[in-house]
Amino acid sequence: MQIAFHIGAHCTDEDRLLKSILKNAQMLSQQGIVVPGPGKYRSLIREAIQGLAGNDLHPDTRDILLDTITDTEDLRRLVLSNENFLCVPQRIYEHGVFYPQAETKTRGLHRLFPDDEISLFLAIRNPAGFLQDTLRRIEQTSIDANLGLLEPEDIRWSDVIRRIKQAAPDTPLTVWCNEDSPLIWEQLIRRLSGIDAQSPITGGTDLLAAVLDAEGMAILSDSLAKAPFDSDTDKHDMIAAIWAEHARPDAVEQDIDLPELDAASVAHLTALYERDLDVIDAMSGVDLVLPFR
């Protein structure tokens with residue numbers, strides 16, 4: 001059986017990808033794809049991984065978990081999403097390491113489902129905004145008080161991804177930039193759910209509806225009605241043109257007001273992030289989903 005784990009990261013889509021996929025739940029079930037409600041598995045799997053520390057896996061653990069998560073018998077693919085699969089927000093920068101539990105938790109997921117075909121999905125984002133939003137999540141405002149020995153410029157998503165791949169070298173890992181999500185939302189729904197390419201889906205413009213004004217959404221709907229496009233690149237070009245003219249500034253622009261990050265620091269972190277994407281794109285076994293290609 002295939003199991004697709006959407007493992008975060010924190011402060012990216014805030015469960016919106018899962019909600020968009022759930023809009024297609026009935027059609028997915030007809031293809032043997034099950035997307036259970038998060039209340040059925042999130043704490044269950046986290047507690048099961050914690051219970052693995054220093055202990056042997058009970059031979060019935062996998063079947064017990066699946067029986068609790070879903071009662072579907074004709075199951076081809078299971079889609080599970082939790083931004084806390086790798087850790088809770090309070091532990092993102094623990095011990096001066098960015099996502100220090102990435103390897104342990106990745107191995108834990110594989111130990112729970114040792115004979116299943118696992119794939120991992122991870123959204124990343126500019127460290128400047130990520131820092132601000134993750135600190136707010138734990139009601140903190142000081143970088144220095146929470147990063148310990150870690151400096152903002154030390155935050156590298158490629159390091160997290162490298163350690164995930166070390167823990168599970170043969171497991172496919174799909175990565176995308178949260179900043180690009182509105183452009184590639186339909187692709188993300190299809191990739192995570194595993195739905196076939198011919199099936200129409202609902203929810204492909206959910207993120208665009210949150211960032212475009214009413215006129216922009218009307219133009220988008222009209223443009224999509226004239227589909228098909230020759231390629232995803234052509235579709236992305238169309239969306240980008242509408243976005244440039246009709247994006248609501250309050251929905252796409254983020255002010256960074258952390259006292260330790262001035263405009264120059266934000267620009268520096270952004271440049272490092274863009275270089276880090278080149279590193280990620282070159283990694284073996286990692287599929288970096290980018291628009292316009």
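What you are looking at is a predicted structure, and each value in this text was computed from that prediction instead of being measured. For this chain, numbers begin at 1 and follow the sequence in order.
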Please say whether more than 12 non-hydrogen atoms of neighbouring residues, nucleotides or ligands are located less than 6.0 Å from [atom1] in [X].
X      : atom1 : answer
Asp278 : CG    : yes
Asp255 : CG    : no
Gln30  : CD    : yes
Asp230 : CG    : no

Ion pair present between [X] and [Y], side-chain N to carboxylate O less than 4.0 angstrom?
X      : Y      : result
Asp115 : Arg62  : no
Lys23  : Asp206 : yes
Lys40  : Asp71  : no
Arg163 : Asp159 : yes

Does a side-chain heavy-atom distance below 4.5 Å link [X] with [Y]?
X      : Y      : value
Met217 : His246 : no
Ile155 : Asp276 : no
Trp157 : Val175 : no
Ser193 : Val35  : no
Leu86  : Arg91  : no

How far apart are the closest heavy atoms of Ile189 and Thr202, and which atoms are they?
-> CD1-O, 4.2 Å

Report the relative orientation of the aromatic rings in Phe130 and Tyr99; use parallel for angles under 30°, tilted for 30 to 60°, perpendicular for over 60°.
-> tilted

CA sep, side-chain torsions, deciding dist, call: Lys226, Asp222, salt bridge (charged side-chain N to carboxylate O under 4.0 Å, His left out) | CA-CA 7 Å; Lys226 297 175 182 177; Asp222 183 61; 3.3 Å; yes

Evaluation steps, side chain to side chain contact (heavy atoms under 4.5 Å, CB included), between Ile69 and Ile45 | CA-CA 10 Å; Ile69 293 170; Ile45 290 180; 4.2 Å; yes

Given the options Phe85, Trp176, Tyr41, His6 meets ring pair (Phe, Tyr, Trp, His ring centres under 6.0 Å) only with Trp176

So, the side chain of [X] versus the backbone of [Y]: is there a donor-acceptor pair under 3.5 Å, distance only?
X      : Y      : result
Glu179 : Asn126 : yes
Asp116 : Ile118 : no
Arg125 : Cys11  : yes
Lys165 : Asp170 : no

Show the numbers, then the answer: is there a side chain to side chain donor-acceptor pair (under 3.5 Å) between Thr174 and Asp287?
-> CA-CA 5 Å; Thr174 300; Asp287 184 5; 4.6 Å; no

Does Phe229 have its ring centroid less than 6.0 Å away from the ring centroid of His236?
-> no

Before giving the answer on salt bridge (charged side-chain N to carboxylate O under 4.0 Å, His left out), spell out for Arg42 and Asp15 the whole-Å C-alpha distance, their side-chain angles and the decisive distance to 0.1 Å.
-> CA-CA 13 Å; Arg42 286 187 170 173; Asp15 273 347; 2.7 Å; yes

